[in-house]
4 protein chains.
Amino acid sequence: MFIETIVPRIPETDALGHINNNVLSVWFDVARVPIYRFFTPDLIGDKWKLIIARTEIDFIRQIFLDGDVEIRSLVSRIGNSSFDVSQTAFQNEKVCAKCKATWLHFDFDNQKSAAIPDDIRQKLKENMQASKDSQ
Amino acid sequence: MFIETIVPRIPETDALGHINNNVLSVWFDVARVPIYRFFTPDLIGDKWKLIIARTEIDFIRQIFLDGDVEIRSLVSRIGNSSFDVSQTAFQNEKVCAKCKATWLHFDFDNQKSAAIPDDIRQKLKENMQASKDSQ
Amino acid sequence: MFIETIVPRIPETDALGHINNNVLSVWFDVARVPIYRFFTPDLIGDKWKLIIARTEIDFIRQIFLDGDVEIRSLVSRIGNSSFDVSQTAFQNEKVCAKCKATWLHFDFDNQKSAAIPDDIRQKLKENMQASKDSQ
Amino acid sequence: MFIETIVPRIPETDALGHINNNVLSVWFDVARVPIYRFFTPDLIGDKWKLIIARTEIDFIRQIFLDGDVEIRSLVSRIGNSSFDVSQTAFQNEKVCAKCKATWLHFDFDNQKSAAIPDDIRQKLKENMQASKDSQ
């Protein structure tokens, strides 16, 4: 499991006085970076190998400006060319939002999906297993 | 059905050269504003009556900077206190992304969900019906 | 002079109930796109020829969510390789913010500034002149 | 002097492959939060006492995704009701951008500027002095 800490920013609030819901999409993305690095260690655009297929976000509790947000991310499914990341955002130790994102390993040169290479598959598996072990 | 046109912005691109996926969350939100106005015509924060419960976004095709994006939004379910909005984003007449968002009518004073008032329910129904008629 | 209309977005508000000040930077950028097109008509990243050198923004009046913002942009200085764009943002016909942005025509291959080509210089001059004529 | 570290985010890049220039406005804002806390320690909107008057940003070097950005902020002028914050953003120990922001202490109830209270003025002075001492 990867754990990332997000410090909410003033421009991420909205006129309702809390963090705007669209910001969660960005924060969950930020928290998936350690998994993106399995595929592209330096995050360089020219070497990018992933395409997002789907996100589902459940909004459970308001998030406020003045308090760190902790996002826990774990690989929850590994297919042939795709995988899921399941994530939970906490503020003050309460669950505020959950996200499931589906990513596709993509061959940009040939513009089609491609099997996840074995070495990366192994890293995804270790992350998934570590998550189960910690439950 | 509501149809909104979005002009992609340079800062909405990312290092992959297309529109960043998180931006879709914002655009679908922008396109739901006519429905938010059923509940709060002037969009004033103090009179706001909705809470987002869930979003699902399917990313189907890349979106590029230089071309308008059309988003079609329709009410697809009306419950007692919640409703769904189903949306599709097109660029160059091709489907690029789909979204389903679930909103909850909320009584902020008493901090609990509240039945959708009849006059607003009627507007939601008309939008849902009009969508079916146009299919 | 170029005139662009911006429709404020809910996520662009902040907890003070108005449009967050950082958003102005983006809106002024959006309103300069017709001038960017002088240099790169299709806005394609690989053909991009400009580098931003400096922005100055004066914040004069709060901007609220529910009202279009009109941004007027004019070329206010043309140098050998750089030029300035002066902009004013209005809401309800009142001046809300002013911006001056300095851009540099850049030769990305050789990583140095380059003289503005004559045909583009002519377009910048016409914009500057038209602005003076309309005053 | 306050030093804040920013981790660049993927959605903050643009199609040119670097961090979009508008993002700097947000990062400099984030780095001023310790100074905002002099006025409103918990950053609550209802207790907010500041209005931004002006920003100047000089863009000196491109900023890339994969590397922390350090922002150093110091109070550089204290007036009766206004003050300036001067900031520098570094990546890989090179200066990438500079910002000067002017803020106004504001009495929101009476909608007019107000003298900076003595206890806060003292904190601003200490920050300004500490900055000079460290040079």
Side-chain angles (χ1 to χ4, degrees), chain C residues 6 11-33 36 39-40 42-63 82 84-85 87 89 95-104 106 108-109 111-113, chain D residues 6 11-33 36 39-40 42-63 82 84-85 87 89 95-104 106 108-109 111-113:
Chain C
I6 304 279
E12 293 174 334
T13 60
D14 67 19
L16 295 189
H18 56 208
I19 297 301
N20 183 264
N21 66 73
N22 296 289
V23 172
L24 270 293
S25 175
V26 173
W27 289 357
F28 283 122
D29 190 36
V30 166
R32 286 189 300 261
V33 166
Y36 302 158
F39 294 84
T40 309
D42 54 10
L43 303 177
I44 296 281
D46 290 346
K47 305 178 196 166
W48 198 254
K49 295 185 178 68
L50 293 171
I51 281 184
I52 193 161
R54 178 176 167 87
T55 55
E56 301 169 11
I57 302 181
D58 287 292
F59 300 88
I60 296 160
R61 212 177 247 103
Q62 293 182 77
I63 298 180
S82 70
D84 291 349
V85 182
Q87 303 177 280
V95 174
C96 295
K98 287 174 178 261
C99 179
K100 192 171 85 174
T102 302
W103 286 85
L104 192 63
F106 200 74
F108 280 89
D109 290 336
Q111 287 288 307
K112 60 177 187 181
S113 62
Chain D
I6 304 280
E12 293 174 335
T13 60
D14 66 20
L16 296 188
H18 56 207
I19 297 300
N20 183 265
N21 65 72
N22 297 288
V23 173
L24 270 293
S25 175
V26 173
W27 289 358
F28 282 122
D29 190 36
V30 167
R32 287 189 300 262
V33 166
Y36 302 157
F39 294 84
T40 309
D42 53 10
L43 304 176
I44 296 280
D46 289 346
K47 305 178 195 166
W48 198 255
K49 295 184 178 66
L50 293 170
I51 280 185
I52 193 161
R54 180 177 166 86
T55 56
E56 301 170 11
I57 302 181
D58 287 293
F59 300 87
I60 295 160
R61 214 177 245 104
Q62 293 182 75
I63 298 181
S82 70
D84 291 349
V85 182
Q87 305 178 276
V95 174
C96 296
K98 287 172 177 264
C99 178
K100 190 171 86 174
T102 302
W103 286 84
L104 192 62
F106 200 75
F108 280 89
D109 289 336
Q111 288 288 309
K112 59 177 187 182
S113 62

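Since the structure is predicted, the reported quantities are computational estimates derived from the model, not experimental observations. Within every chain, numbering begins at 1; the chains are lettered A, B, ... in the order of the sequence lines, protein sequences first and strands thereafter.
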**Q** Calculate, to the nearest 0.5 Å, the distance between atoms CZ and CH2 belonging to D:F106 and D:W48 respectively.
**A** 14.5 Å
**Q** Might you point out which heavy atoms bring C:S82 and C:L104 nearest each other, and give the distance in Å?
**A** CB-CD1, 3.9 Å
**Q** How far does NE2 of C:H18 sit from OG1 of C:T13, to the nearest 0.5 angstrom?
**A** 9.0 Å
**Q** State whether the number of non-hydrogen atoms from other residues, nucleotides or ligands found under 6.0 Å of D:D46 atom CG is greater than 12.
**A** no
**Q** Just give me the residue among C:I44, C:N20, C:L16, C:N22 that pairs up with chain D most often, heavy atom to heavy atom, under 4.5 Å.
**A** C:N22
**Q** Counting a contact as any heavy-atom pair under 4.5 Å apart, which residues of residues 24-32 of chain C contact chain D?
**A** C:S25, C:V26, C:D29
**Q** Could you tell me which portion of C:I52 (side chain, backbone, both or neither) has an atom closer than 4.5 angstrom to a non-hydrogen atom of chain D?
**A** both
**Q** Quick check on C:K49: does its NZ atom have over 12 non-hydrogen neighbours (other residues, nucleotides or ligands) under 6.0 Å away?
**A** yes
**Q** Which one, C:D58, C:I51, C:T102, leads in non-hydrogen pairs under 4.5 Å with chain D?
**A** C:D58
**Q** If we only count heavy atoms from C-beta on, is the C:L50 to C:Y36 side-chain gap below 4.5 Å?
**A** yes
**Q** Answer with side chain, backbone, both or neither: which region of C:N21 has an atom nearer than 4.5 Å to a non-hydrogen atom of chain D?
**A** side chain
**Q** Which heavy-atom pair separates C:K47 from C:T40 by the least distance, and what is that distance?
**A** O-OG1, 3.1 Å
**Q** Say you draw a straight line from CD of D:E56 to CD1 of C:I57; how long is it, rounded to the nearest 0.5 Å?
**A** 11.0 Å
